[in-house]
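Right, one structure below, let's go through it.
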Amino acid sequence: MSPDDVVFLASPLTFDPSVVELFLALSSGAQLLMVPAVIKKMPSRLAQLLFKDHRTTVLQVTPTLLMRFGRRILKQDVLSSTSSLRVLALGGETCPSPAQLRSWRHEDNKTCLYNIYGITEVSCWASCCRIPEPLTASSVSLGTPLMDTVVEVRDEDGCVVTQGEGQVFIGGKDRVCLLDGEDTVVPGTMRATGDWVNVKDAELHYLGRKDRMVKRNGKRLNLDSVQQLILSLPRVEACAVGLHEGVRLLAFVVASTSGAHEHQGEADGADGDLQRSVLKQLSPLVPSHCIPDTVVLVPALSLTPHGKADMKALMRIYEKQREWLRPSRLEVGGIKQTLRTLWQDALGLPADASVDEQSNFLYSGGDSLKALRLCEDILAAVGVSSPQLLEVILDGSFSDVLHLATQMLPERRGSSPSSRKRDADLPATVPAKRGRQAERTEQQSLRCTVVRRGGEVQAMDRGDVDAGEEPWDGKDAGDDSHKRGGVCLGLSWSSDTGRCVDASPVILVRGVAGQRARATVFIGSHSHRIQALDLLSGSLLWERVLGDRMEASAAVSRCGALVVVGSYDGGVYFLCTESGETKWVFKTEDAVKSSPGVDPLTGLVVVGSHDGHVYALDPQVRRCVWKRHCGGGAVFSSPHLQASHRRLYVASLGGRLLCLSLDGGDVLWSYCRDKPFFSSPNCFSGRIVIGSVDGSVCCLSDTGELLWQFLTEAPVFSSPSFIPGQQRLLCGSHDGRLYCLNCGDGSLVWSFQTSGKVYSTPCVFEGSAVGSRGALVGLASTDGTVWILDARDGRVVASHALPGELFSSPVVWEQSLVIGCRNDFVYCLNLTADA
């Protein structure tokens, strides 16, 4: 390395190889090239930037990410005869075979190729192999251990293997990383990698992940070996092999773009030829149990954030393609409107939004996942495959995509004009949208109740009820004459969201005259998914994948027709409560972790953003009515609306609590504490209460004067809630306690020590549904315990342990308690009277 080198930062900062790229440049004085994330998704533009504009000399990538360039760009730019690239280091996945590497490079290319190997548990790389020239060997070894690194191969009994197969273990006196829950590690600890190798003549040759070596039809099958074989076949650009539901062997194949034009107008036949060709060429090379059941043609391999093949996403593509195994329904005359609808849907745009003919998908708010989804939808609608489609979506305009899609459209034969018209009148891939009048009629017939964290219950047909004040009057809450019975807490159902759930649920209860009320749970997760679940059965009503992960709890619009949720991509999404269909997306300038508040009088939706603003949005006309900068720091907590007084309370991480006019966003007063507010404000009888990171629970008057403060023993992230009829408030602390305070002077009434920290907001609810008069409190501690307490004295009534950390707040409706968990699941617990 020298100051003349240019190192490309290809790895995301969440992936440990990024440390190698950073310090390679820092330690040698070389340039570190960083490009916008959007450019990384455009192979042609990225190649132009790396190898023509900036003359990159050092590139470290996964093989899957490298293959996204395609053979043509690899040979003409990346590994050309005049390429600036001195070093290409491939790691994180199985190294391509020398024959595959040879097919990617110009015969006069001088780039040094390396296979680097390691695991996150012993960051970053553990061994390195300079791939020998000429590229004629049958495979590439893992190379020799790096400095201070020990690499061993052990069999299933733990014995060291010097010849034959075994699992790789990595360690060394100075190669120690602390994993989750570890405070210390014995020097020399060897970490199991889960990778299987063959040791021959002191060289380690990679066989595959242990979990990628499976039994099929009673015989051993190495999925990675089959994948490498398919990758070596003609006309195959990229490949990933996996088992669907542990049974069906699938090969996901990206067709090479070379020779694609030869099949223009014969795409159906070309696809079938390639699928048959792959199976035919494999047959003499491997036993019958290694032949894939299905070859699935995809425009590109889905990638994880770390640049590896995303098998879960590919399996979803296969499942979706199976649903679409029916004749194409499109005609040339309808393709433009269908493409516009798919384009709008992929970007989350309203149906009446215009689409500029020259607009680029990525610059319009798309990303690689949305582009793949759009590509899949177009291919499903047209009924044929195209290797070029994804690149045109990423790099071209709407007009370019339309031109290619029109060329792909097969000529329909043997169909009458009347049948063609009927087909063309049908929507190609999206359900028909109902008119506004139909939606209004349905809304008028519904009576809706929304239940949110903290025990907030808002009746949508009662416009005079303030969100967060007292829909339950608390009658009998302080009645000591009635003997309280026991409560049982047991699991009712759970739903897997795919990633951890920090958001709190919101429950929408809808009733039509003469019919039983129906309750739906809405909750988002880190997997980018928001789910709608039936409260009674837990069945999935619908699921949407949005632009990024969701930590914010959702809200429901005044009419009950929209669920509103913020995302890390800066979007505030307005989705149909019945179908999940996107009705509107409002973009802020940074992540939205704040839960929206809804004005029950005007229907305005108020939400904070990490860009430091609070926004008032009108979903009826789809516009921002006003926005206000909150004086510094992101707005993490949720705004509190006092609708009857037309006031809004919002707090920021800059330590400011603002009182704003709900109608115009004007600042009425401001309180500064110089410590971040993660807690959300709440108000009761003209008093505003909020928790602070300095451990205080603060109470202010409606003019912003500090009335009292109560000091806990750790930061307060929990938001306060109130016990109706008792002039008492509840708030949790990181010291593990739930505090019950007197609203008048802040004196302690009682406290309860949990077995973890209290991040969540306590939920106060009426106990009559479980045979108990007065108020109960639902509480979660971060160690995974859900508690039910007597609101009068903090006595434990019931508890239940869940298998994961809890940052979500419980929400209770009748006999059901719903909460999200960091083990990826949403849980519903059943509350019953103890017999």
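As a basis for the values below, the full set of heavy atoms in this structure was taken, side chains included, without hydrogen atoms, waters or symmetry mates. Keep in mind the model is a prediction, meaning the values are calculated, not measured.
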| said: Taking the side chain as everything from C-beta on, heavy atoms only, tell me whether Leu700 gets closer than 4.5 Å to Tyr649. | reply: no
| task | Kindly give the heavy-atom pair with the smallest separation between Cys683 and Phe722, and that separation in Å. | result | O-CE1, 3.6 Å
| field | Residue among Val635, Asp611, Asp569 satisfying side-chain contact (heavy atoms from CB on, under 4.5 Å) with Asp590 | value | Asp611
| Over all atoms of both residues, closest heavy-atom pair of Leu806 and Ile819 | CD1-CD1, 4.1 Å
| field | Any Asp824 side-chain heavy atom under 4.5 Å of Ser525 side chain | value | no
| message | Per the ring pair (Phe, Tyr, Trp, His ring centres under 6.0 Å) rule, what does the pair list look like for residues 796-824, sequence neighbours excluded? | response | Tyr759-Phe807
| Inter-residue atom distance Glu805.CD - Asn823.CG, 0.5 Å rounding | 10.5 Å
| task | Apply side chain to side chain contact (heavy atoms under 4.5 Å, CB included) to the pair Arg673 and Leu657, showing each step before the final yes or no. | result | CA-CA 8 Å; Arg673 197 165 182 87; Leu657 173 63; over 6 Å; no
| Please walk me through it: do Thr577 and Arg510 pass side chain to side chain contact (heavy atoms under 4.5 Å, CB included)? | CA-CA 11 Å; Thr577 53; Arg510 286 175 284 202; 3.0 Å; yes
| said: Between Asp745 and Ser747, do the side chains contain a donor N or O and an acceptor N or O under 3.5 Å apart? | reply: yes
| request: With the side chain counted from C-beta on, respond yes when Phe574 and Val605 share a heavy-atom pair under 4.5 Å apart, and no when they do not. | output: yes
| Derivation of the side chain to side chain contact (heavy atoms under 4.5 Å, CB included) call for Leu641 and Leu648 | CA-CA 5 Å; Leu641 282 66; Leu648 166 72; 3.6 Å; yes
| message | Between Asp735 (side chain only) and Glu713 (backbone N and O only), is there a donor and an acceptor less than 3.5 Å apart? | response | yes
| field | Non-neighbouring partners of Tyr568 that pass ring pair (Phe, Tyr, Trp, His ring centres under 6.0 Å), sequence neighbours left out | value | none
| message | Go through it in stages, so that I can follow the logic: the residues are Ser696 and Asp694, the test is side chain to side chain donor-acceptor pair (under 3.5 Å), and I'd like the CA-CA distance, side-chain angles, deciding distance and then a yes or no. | response | CA-CA 6 Å; Ser696 300; Asp694 65 11; 3.1 Å; yes
| query | Would a 4.5 Å heavy-atom cut-off, applied to side chains only, mark Leu779 and Val786 as touching? | reply | no
| From OG1 (Thr304) to CE (Met311), nearest 0.5 Å | 12.0 Å
| Heavy-atom side-chain contact between Ile688 and His640 under 4.5 Å | no
| Under 3.5 Å donor-acceptor, Asn682 side chain and Pro720 backbone | yes
| request: Verify, without hydrogens or angle tests, whether Ser808 (side chain) and Ala503 (backbone) share a donor-acceptor contact under 3.5 angstrom. | output: yes
| pair Ser733-Val716: side-chain heavy atoms closer than 4.5 Å | yes
| said: With side-chain hydrogen bond (donor to acceptor under 3.5 Å, both in side chains) as the test, pick out the partner of Arg453 among Ser504, Ser638, Ser760, Ser721. | reply: Ser638
| Between Ser781 and Ser755, which heavy-atom pair has the shortest distance, and what is it? | OG-OG, 4.1 Å
| Donor-acceptor contact below 3.5 Å, side chain Asp496 vs main chain Phe825 | no
| Side chain proximity check, Ser692 to Phe677, heavy atoms < 4.5 angstrom | yes
| task | Determine the sole option in Ser594, Ser595, Ser637 for which the side-chain contact (heavy atoms from CB on, under 4.5 Å) test with Ser680 is passed. | result | Ser637
| task | Spell out, as yes or no, whether a donor-acceptor pair under 3.5 Å connects the side chain of Ser567 to the backbone of Asp548. | result | yes
| CD of Glu456 to CD of Gln458: how many Å apart, nearest 0.5 Å? | 6.5 Å
| What's the shortest heavy-atom distance between Arg647 and Asp702, and which atoms? | NH1-O, 2.6 Å
| message | To the nearest 0.5 Å, what is the distance between SG on Cys699 and CG on Leu707? | response | 5.0 Å
| query | Can you tell which of Val556, Val457, Val506, Ile507 makes a side-chain contact (heavy atoms from CB on, under 4.5 Å) with Arg452? | reply | Val506
| Would you say the side-chain atoms of Ser18 pair up with the backbone N or O of Ser11, donor to acceptor, closer than 3.5 Å? | no
| Between SG on residue Cys488 and CD1 on residue Ile788, distance to nearest 0.5 Å | 11.5 Å
| request: First locate atom CD of Glu814, then atom CD of Glu766, and finally report the distance between them rounded to the nearest 0.5 Å. | output: 10.5 Å
| query | If only atom types and distance count, is the side chain of Arg728 paired as donor or acceptor with the main-chain N or O of Arg792 below 3.5 Å? | reply | yes
| request: Taking Trp750 for its side chain and Leu738 for its backbone only, find out whether a donor-acceptor pair lies under 3.5 Å. | output: no
| task | Would you check, one step at a time, whether the test side chain to side chain contact (heavy atoms under 4.5 Å, CB included) holds for Thr832 with Val487? | result | CA-CA 6 Å; Thr832 57; Val487 174; over 6 Å; no
| Donor-acceptor contact present, side-chain Thr712 to main-chain Gly695, <3.5 Å | yes
| By salt bridge (Lys or Arg N to Asp or Glu O under 4.0 Å), which residues pair with Arg687, not counting sequence neighbours? | none
| note | In terms of heavy-atom contacts, Trp542 and Val563 come closest through CH2-CG1, 4.1 Å
| Is there a side-chain contact between Leu748 and Leu741, using heavy atoms and a 4.5 Å cut-off? | yes
| query | Is a side-chain donor or acceptor of Ser495 paired with a backbone partner of Val826 at a separation under 3.5 angstrom? | reply | no
| task | List the atom of Val572, the atom of Val564, and the distance in Å for their closest heavy-atom pair. | result | CG1-CG1, 3.7 Å
